[in-house]
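Letters A, B, ... are given to chains in the order of the sequence lines, protein chains preceding strands, and every chain is numbered from 1. Keep in mind that the numbers below use all heavy atoms, side chains included, and drop hydrogens, waters and symmetry copies.
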Amino acid sequence: MNLFRFALNNLQRRPARTSLTVSAIALGIAAVVALTSIAWGFEASWQKANDARGTDLIVTRAASENTMPSPFRAEKVQQVLAALPHVKEVVGLLSEMLTVSDDAPPVFVFGWVYSSYLWEHLKLVEGRWPNASAEPVVVIGALAAEMLHKKTGDQVEIEGKSFQVVGIFESNAVVENGALLMTLEQAQQVTDKPGKVNVLNIKVDANTTEADLRNIKEQVKMTLPGFVAITSGELVSQNAVVRISKAMSNATILIAGLVGALVVFNTMLMSINERTREIGILLALGWQRGTIMKLVISESVILSLLGGLVGILVGVGIAWGLEHIELMRGKIDAIFSIPFFLEVQALSIVLGICGGFYPAFKASRLLPSSALRQE
Amino acid sequence: MSTDPHILPNNLSSARLPILRIEGLTLHFDGGQTKALNGVDLDVCEGEFVAIVGASGSGKSSLLNVIGTLDIPSSGELFFGAQPYSKIKDTSLFRRENIGFVFQSFNLISTLSALDNVIVPTIGCAGSDHEHKARAESLLIELGLRERMAHFPGKLSGGERQRVAIARALINRPRMVLADEPTGSLDSDNAIQVLDLLTGIVKQQGLTLVMVTHDASVSARADRVVRMRDGKIALPVGAYGDTPELIGGAP
């Protein structure tokens, strides 16, 4: 028998109340785990897609914070960028989320400059790539092929125009795996945005330094008012959806923390009130007030750690489930990590200590003779 | 026989020093309206068995609570050896190191086994879990509970529960045991058995025993009987058969 076993024994006395408290904490923690892993996954999957393409800088409208930046006419901007020192290649990219099948949720449709470096990181697993910029064909990501039930040789209808699927590819980035890909020219035609792109991707030469990249950013700022050159990480972190989902995840952490602490507070206060006489006995037997505090806080921390553990498992389950529902497939890639789970358990410990502190303090201040008189 | 509570029976005063000295002790509640103790003076020798008798409400249990530092006196002073109670900074630590309590209603924790109940006071004390367990087992064996250690209080008889409570009172090697009607909830056979064990082990270990009791047969075993009335010591009665009628007159 030691303090930990005694605390555990006290929690086992009221299994229903202990289970309910653990469940309430677990729900809050599960919401934190699910939302945070999805928010991080959303950010990471977009960054992975940008990084995979080998793009060094992205030029976009300065004020744009949408998932994909607002389209703009590329030609003049492209000419200015191509003339900057160290810039090796400037290629446009157009993206839209479109419904391509009545029985499947909308998917991303990307238009990339034909035979540009953007295509190089993709792995063709079936069929072929488009043969010309003007060829009205698409290649589709492996996940999109599964979701849309399409294979090489099938037709897909996009905005009323029919395209033949000529190949299926795989990518490290889930947003590309769940997308349809065509040449930029075809994408501009089908979305009725001739000459427009969402972003211009810049690839610099091999001997470009960090200082050179900063210089390119400055040059863009000065010569192209209303545009900005940023890294893929900056583009994603500025993204409104990423920012909203991060804000929601932070708000959930705050609410879950507060609710969890209140639940622990309520449970421990009830428990202390019921055990007043027993605490009197412990004090009479020579337990120091600090030991009484340790006992009550141990009980509240055990409760919150259990809640945290169950919450992590449920949260992972929710995130996994969301990843796999038809509407979200190919758009999010929830990220879980041991450090994140440790942070969640640290949050659980903090809420356990916060929730248990006042009941523990109250218990430790009981006058033994009065406590012993309680029935 | 002297009626001065500071004067001890002849056979004790020369051999033993007072472990407990109480001077002008009062304990008031409700802003002084209720006077539980009203000027108590008493010396208790090391190794002595003192029985406190008196009518209900006479202040017996209040006196025990103040001696055990469970209540804070309104005025007066107590000394444990040379140490004044008013200078004790940590009363819990003082209790743990010096006092063992035995209650009438056992006060065992129902969800812990007999062995764990005995170990509970050692939580937070120096020494390993293994050492505490070994001592608890040894005490329970000494008190005849070898086969009952794993049982929960609900499965023990009243006498067995009180024996567990005695083991619990002794686990931290106190110098003084305070017993508040330890046989009050037991039938006569169990009461005799528990009293034999308690007095035997206390004597064997040279501990001081202060016991509140209503039972004349219990107080008859004491070295000294102290009668309380209206929060005061009515008459300290020397043991060894000095005034059996007073002892017997206790309600």
Check your understanding: Rounded to the nearest 0.5 Å, how far apart are CG of Leu282(A) and OG of Ser92(B)?
Key -> 10.5 Å
Practice item. Heavy-atom distances under 4.5 Å only: say whether Gln288(A) touches chain B with side chain, backbone, both or neither. Key: both
Check your understanding: Contact part of Leu367(A) toward chain B, heavy-atom cut-off under 4.5 Å: side chain, backbone, both or neither?
Key -> side chain
Point to revise | Stepwise side chain to side chain contact (heavy atoms under 4.5 Å, CB included) check, Arg277(A) with Asn107(B) | key: CA-CA 9 Å; Arg277(A) 183 179 171 83; Asn107(B) 282 340; 2.6 Å; yes
Point to revise | Residue pair Ser369(A) / Asn65(B), side-chain donor-acceptor N/O under 3.5 Å | key: no
Point to revise | Option passing side chain to side chain contact (heavy atoms under 4.5 Å, CB included) with Met1(A) (candidates Leu115(B), Ile123(B), Asn117(B)) | key: Ile123(B)
Point to revise | Sidechain-backbone polar pair: Arg95(B) side chain, Leu283(A) backbone, donor-acceptor under 3.5 Å | key: yes
**Study point:** Contact summary for Trp287(A) and Val120(B), nearest pair of heavy atoms
**Key:** NE1-O, 2.9 Å
Practice item. Let me know if Leu93(B) has heavy atoms under 4.5 Å from chain A in its side chain, its backbone, both or neither. Key: both
Exercise for review: Under the salt bridge (Lys or Arg N to Asp or Glu O under 4.0 Å) rule, what do Asp116(B) and Arg5(A) come out as? Steps first, then yes or no, please.
Suggested key: CA-CA 10 Å; Asp116(B) 283 340; Arg5(A) 271 191 54 208; 3.3 Å; yes
Exercise for review: Flag yes if more than 12 heavy atoms outside Phe341(A) fall under 6.0 Å of its CZ atom; otherwise flag no.
Suggested key: yes
Review point. More than 12 non-hydrogen atoms from neighbouring residues, nucleotides or ligands closer than 6.0 Å to NE2 on His324(A), yes or no?
Key: yes
Review point. Are a donor atom and an acceptor atom from the side chains of Thr291(A) and Arg96(B) found within less than 3.5 Å of each other?
Key: no
Review point. Should we count CG of Asp230(B) as having more than 12 external heavy atoms under 6.0 Å?
Key: no
**Study point:** Phe103(B) versus Ala284(A), closest heavy-atom pair with distance
**Key:** CZ-CB, 3.9 Å
Revision key, fill the gap. Turns out that what part of Ser105(B) lies under 4.5 Å from chain A's heavy atoms comes down to side chain
Review point. With a 4.5 Å limit on heavy-atom distance, are the side chains of Leu285(A) and Asn172(B) in contact?
Key: no
Exercise for review: Mark yes when over 12 heavy atoms from residues, nucleotides or ligands other than Phe361(A) sit less than 6.0 Å from its CZ; otherwise mark no.
Suggested key: no
Check your understanding: So does Ile72(B) have more than 12 non-hydrogen atoms from other groups sitting under 6.0 Å from CD1?
Key -> no
Check your understanding: Relative to chain B, which segment of Leu295(A) carries a heavy atom at a distance below 4.5 Å: side chain, backbone, both, or neither?
Key -> neither
Check your understanding: Do you know which of Gly280(A), Pro368(A), Ser370(A) has the most heavy-atom pairs under 4.5 Å to chain B?
Key -> Pro368(A)
Check your understanding: Which atoms of Leu3(A) come close to chain B, meaning under 4.5 Å heavy atom to heavy atom: side chain ones, backbone ones, both, or neither?
Key -> both
Review point. Should we say atom CZ of Phe29(B) is surrounded by more than 12 heavy atoms from elsewhere, each under 6.0 Å from it?
Key: yes
